[in-house]
Structure formats: C-alpha cells, structure tokens
Enquirer: 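First, the structure itself, so that you have it in front of you.
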Amino acid sequence: MAVSAPLQRLIALLGPTLPMYLSDAGVATFPGADAVRLAIAALVDDQRGLVERIGTVLEERGGVAPRRGYPIRYSGMHDVDLGFMAPQIVAEIDQQSAACEALLRELPPGSDAALVRDAMQSARFHADAIRQLASPPRAAG
C-alpha cells in the first residue's frame with residue numbers, strides 16, 4: 001500500500017502544538033486555571049492518540065511519521081497563566097480544524113478521510129470546551 005502524503009501532513013499538523021508543549025514542559029500556572037489545565041490535558045491525550053493511530057497507518061504503508069520540534073517562541077510561556085493563554089490555544093486548535101477541513105476536501109472517501117475527520121471533530125470539540133472555560137462568567141440579571 002502506498003504511503004499517504006495527506007496523512008503525513010495531518011500528523012505534522014497535530015504534532016508539536018502549543019498545548020502539547022505546555023503539557024510536556026509542565027508549565028506551572030497561577031491558581032484558578034485548573035479547569036483549563038484539565039481541558040488542555042484532555043486535548044493533548046486525544047491528539048497524541050490520533051498521532052499514534054496515524055503513525056501506525058503510515059508505518060503499515062512503509063512510511064515514517066514526520067517529527068518536528070517545538071518552536072522557540074513557546075519557551076517564553078512558562079510564566080503565563082493558562083487562562084490568559086486560552087484564546088491563543090483556541091485559535092491554534094481552530095486553525096488545525098480548518099486545515100483538517102481543507103485536507104478532507106482533497107481526499108476521496110476512505111480510511112484516510114476517516115482519520116482526518118476524527119482529527120477535525122476532536123479539534124472542534126476541544127476548542128469549544130476551552131472556549132467555554134475561558135469565557136468570563138455572565139452576570140446574573
């Protein structure tokens with residue numbers, strides 16, 4: 001079976017993201033961001049699971065999953081509150097979702113499309129969850 005360029009693009013897209021960096025680096029936050037931290041952990045778990053599934057498919061086809069390092073700009077985020085960074089995290093997840101949607105339009109229906117669809121749906125779900133947690137509470141009235 002041929003190696004899938006779309007899957008290689010997808011795995012690179014899901015690779016070293018800001019949420020993964022925050023998780024891997026163990027970035028400490030100010031009090032009050034526990035819900036955001038848990039939402040990011042859930043996102044990272046899903047993304048890593050998807051990367052693993054996609055990597056397995058690529059290996060079965062004789063390919064290699066691309067690997068990239070984290071951008072240096074992430075290293076300056078160690079002292080920033082997760083609640084404050086939530087909009088940036090959501091923006092990155094929204095970009096992933098849009099890129100998955102564009103990739104999905106390029107693919108014929110099949111197993112690769114299913115993996116891309118899973119990644120897109122996961123991104124949308126987690127972006128919505130983090131967006132809700134980061135929204136200021138509405139005043140009762």
Enquirer: Ignoring hydrogens, what is the shortest heavy-atom contact between I11 and G55? Give both atom names and the distance.
Expert: CD1-N, 3.7 Å
Enquirer: If we ignore hydrogens and angles and just use 3.5 Å, is the side chain of Y74 paired with the main-chain N or O of L18 as donor and acceptor?
Expert: yes
Enquirer: Find the distance between CG (D45) and OG (S23) and round it off to the nearest 0.5 Å.
Expert: 7.5 Å
Enquirer: Can a salt bridge be assigned to the pair D112 and R9 using a cut-off of 4.0 Å between side-chain N and carboxylate O?
Expert: no
Enquirer: Mind listing the closest non-hydrogen atom pair of P16 and G69 along with its distance?
Expert: CG-O, 3.6 Å
Enquirer: In this structure, would Y21 and V36 fall into the same cluster of hydrophobic residues linked by side-chain contacts under 4.5 Å?
Expert: yes
Enquirer: Please give me the minimum heavy-atom distance between R131 and V90, naming the atom from each residue.
Expert: NH2-CG1, 3.1 Å
Enquirer: From L43 CG over to E92 CD, what is the distance, rounded to the nearest 0.5 angstrom?
Expert: 9.0 Å
Enquirer: Shared ILVMFWY cluster between L104 and F125, side chains joined below 4.5 angstrom?
Expert: no
Enquirer: Just by modelled atom types, is the L14 backbone N or O under 3.5 Å from a matching donor or acceptor in the T17 side chain?
Expert: no
Enquirer: Counting only heavy atoms from other residues, nucleotides and ligands, does the tally under 6.0 Å from CD of E106 exceed 12?
Expert: yes
Enquirer: Can you tell me how far OG1 of T56 sits from CD of E52, rounded to the nearest 0.5 angstrom?
Expert: 6.0 Å
Enquirer: Which atoms form the tightest heavy-atom contact between L50 and L115, and what is the distance?
Expert: CD2-O, 4.5 Å
Enquirer: Given D34 and R37, is the side-chain contact (heavy atoms from CB on, under 4.5 Å) satisfied, shown in steps?
Expert: CA-CA 5 Å; D34 290 339; R37 184 179 14 261; 2.4 Å; yes
Enquirer: Of all the heavy-atom pairs spanning V116 and C100, show the shortest one and how long it is.
Expert: CG1-O, 3.3 Å
Enquirer: Run H126 and Q47 through side-chain contact (heavy atoms from CB on, under 4.5 Å) and show every step you take.
Expert: CA-CA 10 Å; H126 290 289; Q47 285 184 334; over 6 Å; no
Enquirer: Taking E101 for its side chain and M120 for its backbone only, find out whether a donor-acceptor pair lies under 3.5 Å.
Expert: no
Enquirer: Tell me, with the steps shown, if D118 and Q121 meet side-chain contact (heavy atoms from CB on, under 4.5 Å).
Expert: CA-CA 5 Å; D118 287 351; Q121 290 170 343; 4.2 Å; yes
Enquirer: Would you compute the distance between atom CE of M85 and atom CG of L22 and round it to the nearest 0.5 angstrom?
Expert: 4.0 Å
Enquirer: Partners of A39 by side-chain contact (heavy atoms from CB on, under 4.5 Å), sequence neighbours excluded?
Expert: I130, L133
Enquirer: Measure the CD1-CD distance between I54 and Q8 for me, rounded to the nearest 0.5 Å.
Expert: 11.5 Å
Enquirer: What's the shortest heavy-atom distance between A127 and I93, and which atoms?
Expert: CB-CG2, 3.7 Å
